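None of the values given here were measured: they were computed from a predicted structure. Both counts, for ligands and for their atoms, begin at 1 and track the order of listing.
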Amino acid sequence: MAGPSITQHELNKVSQMMQDGWDSYQYVEEFEERFAKYNSRKYCLMTPCCTHAIHLALLGLNIKENDEIIVPECTWTGSVAPITYLNAKPVFADISKENWCLEPSNILKNITSKTKGIICVNLYGRMPNYDEILDICSKKNLFLIEDAAESLGSTYKGIISGSFGTCSVHSFHRTKTLTTGEGGALLTDDYKLFERCKFLRDHGRSDKIPYFTLEATPKYMPSNLMGALACAQLDRVEELVNLKRNIRDLYIENFNEIKNEISIIKDDQNHTNGCWATTLIVNKDKFKTKEALDFFKSKDLPLRPFFYPLTSMPGYQKYSKKGQEFENKNAKYISSRGITLPSHYKITKEQIQIIASALTSFIKNN
Ligand SMILES: *Cc1c(COP(=O)(O)O)cnc(C)c1O
């Protein structure tokens with residue numbers, strides 16, 4: 001399904017770190033400086049994973065018990081779980097049928113006097129209408145965290161993902177476009193927020209007096225080993241994103257026969273997609289993802305479902321709005337007919353053809 005692209009370049013860099021990198025955070029600092037530039041941001045903090053970066057951002061933004069944060073109904077749990085660490089409340093808004101991300105009108109419906117901000121996810125590398133969302137944030141005085149974990153290399157109106165809102169987060173999990181095994185980053189242009197999060201990231205300790213704790217905080221420091229691998233992967237970032245885009249393009253070519261039955265990530269005037277994992281929706285009435293996946297399992301083809309609506313699962317059921325006025329119907333519709341295709345760097349043209357032709361005949365016959 002997914003996995004890294006590791007070359008001699010990464011091996012050399014990590015081996016160099018193993019020999020000379022134990023006395024400092026030299027590689028982490030180099031990566032942070034270069035990754036901020038790549039994302040058109042002023043500041044970057046590397047973290048042990050993206051989920052920690054979100055937790056750190058919420059701590060830095062001073063989120064407290066009972067504060068409400070608007071999140072999309074469909075995303076990976078890592079986008080939302082950190083809200084619950086603080087006993088704050090995730091408020092699940094429906095997603096757009098067009099771009100699978102938060103929709104401005106659904107954000108507005110869910111704003112209350114307790115709303116502090118929004119976590120907006122660029123799902124499968126797609127990006128929402130940020131012009132309108134940023135406008136809502138400034139009018140209602142809300143923060144915006146852009147979850148760019150799946151959108152490395154995506155752009156909206158020519159502006160790179162990772163540069164929108166109060167701060168942005170990335171993931172370098174082993175399945176992501178750029179990887180350090182586990183890893184993440186927090187990006188911002190706000191110097192005060194950056195300094196606060198940097199302090200919170202390292203046990204709230206004094207930078208003047210050794211071993212002197214000013215505040216009891218978590219510890220979310222990355223290792224220099226991660227930093228070295230991150231630097232080497234960042235050297236290849238254009239190549240990596242192009243490889244991912246080629247996979248998407250090959251799938252599209254091979255889906256020609258069923259192109260009217262599916263919606264798949266394409267680029268247009270306002271959007272380019274980094275294509276972390278090529279995903280499609282089948283628009284045919286009778287189609288059900290679950291039936292398709294059962295069928296492909298019997299053929300040993302590793303397709304994956306779309307993310308489930310979070311409130312449909314036990315972990316988030318208590319936040320469900322089922323039967324209520326703003327029930328999240330688009331999320332349910334999209335999730336029940338979405339499929340993520342294998343997007344491993346090592347996938348071959350022939351394997352893509354096999355998967356595409358199997359899915360084509362399933363869709364035509366069902
Ligand atoms: C992968 C992912 C995360 C979490 O990343 P980790 O590095 O595993 O913590 C968060 N949000 C989204 C949208 C993701 O896809």
Does an N or O from [X], backbone or side chain, lie closer than 3.5 Å to an N or O of ligand 1?
X: K176; result: yes
X: W276; result: no
X: E182; result: no
X: S79; result: yes
X: D147; result: yes

Original post:
Salt bridge between K109 and D94, side-chain N to carboxylate O under 4.0 Å?
Top reply: no

Subject >> atom 9 (O) of ligand 1 [closest protein heavy-atom partner, distance rounded to 0.1 Å] >> reply: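 For this ligand atom, the closest protein heavy atom is T51 OG1, 2.6 Å.
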
**OP:** Look at atom 3 (C) of ligand 1 and say which protein heavy atom is nearest, naming residue and atom and giving the distance to 0.1 Å.
**Re:**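 Minimum-distance protein heavy atom for atom 3 (C) of ligand 1 reads W76 CD1, 3.6 Å.
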
**OP:** Could you walk me through whether E215 and R196 pass salt bridge (Lys or Arg N to Asp or Glu O under 4.0 Å), step by step?
**Re:** CA-CA 11 Å; E215 264 178 67; R196 176 75 186 146; 3.0 Å; yes

Counting each atom of ligand 1 from 1 as listed, which ones have a heavy atom of [X] under 4.0 Å away?
X: T75; result: 13 (C)
X: G183; result: 7 (O)
X: E150; result: 12 (C), 13 (C), 14 (C), 15 (O)
X: C50; result: 4 (C), 5 (O), 6 (P), 7 (O), 9 (O), 10 (C)

Subject >> V121 contact mode with ligand 1 (heavy-atom cut-off under 4.0 Å) >> reply: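 Looking at V121 and ligand 1, just side chain atoms fall under 4.0 Å.
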
**OP:** With heavy atoms only and a cut-off of under 4.0 Å, state how V169 meets ligand 1: side chain, backbone, both or neither.
**Re:** neither

Original post:
Would one find more than 12 heavy atoms of other residues, nucleotides or ligands at under 6.0 Å from atom CZ of R236?
Top reply: yes

Subject >> Within 6.0 Å of CD in E195, more than 12 heavy atoms from elsewhere >> reply: yes

Original post:
Parallel, tilted or perpendicular: which fits the ring planes of H170 and F35, with parallel below 30° and perpendicular above 60°?
Top reply: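 Perpendicular: the ring planes of H170 and F35 meet at over 60°.
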
**OP:** Measure the acute angle between the ring planes of F92 and Y319, then classify it against the limits of 30° and 60° as parallel, tilted or perpendicular.
**Re:**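 Rings of F92 and Y319: tilted, 30 to 60°.
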
**OP:** Could you check which of C49, P72, S171 puts a non-hydrogen atom nearest to atom 5 (O) of ligand 1?
**Re:**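 Closest candidate by heavy-atom distance is S171.
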
**OP:** Could you please spell out the steps behind the salt bridge (Lys or Arg N to Asp or Glu O under 4.0 Å) verdict for K139 and D135?
**Re:** CA-CA 6 Å; K139 285 200 178 114; D135 198 42; 2.9 Å; yes

Original post:
Taking the six-membered ring where the residue is Trp, are the ring centres of F172 and F31 under 6.0 Å apart?
Top reply: yes

Original post:
Side chains of N12 and H9: donor-acceptor distance under 3.5 Å anywhere?
Top reply: no

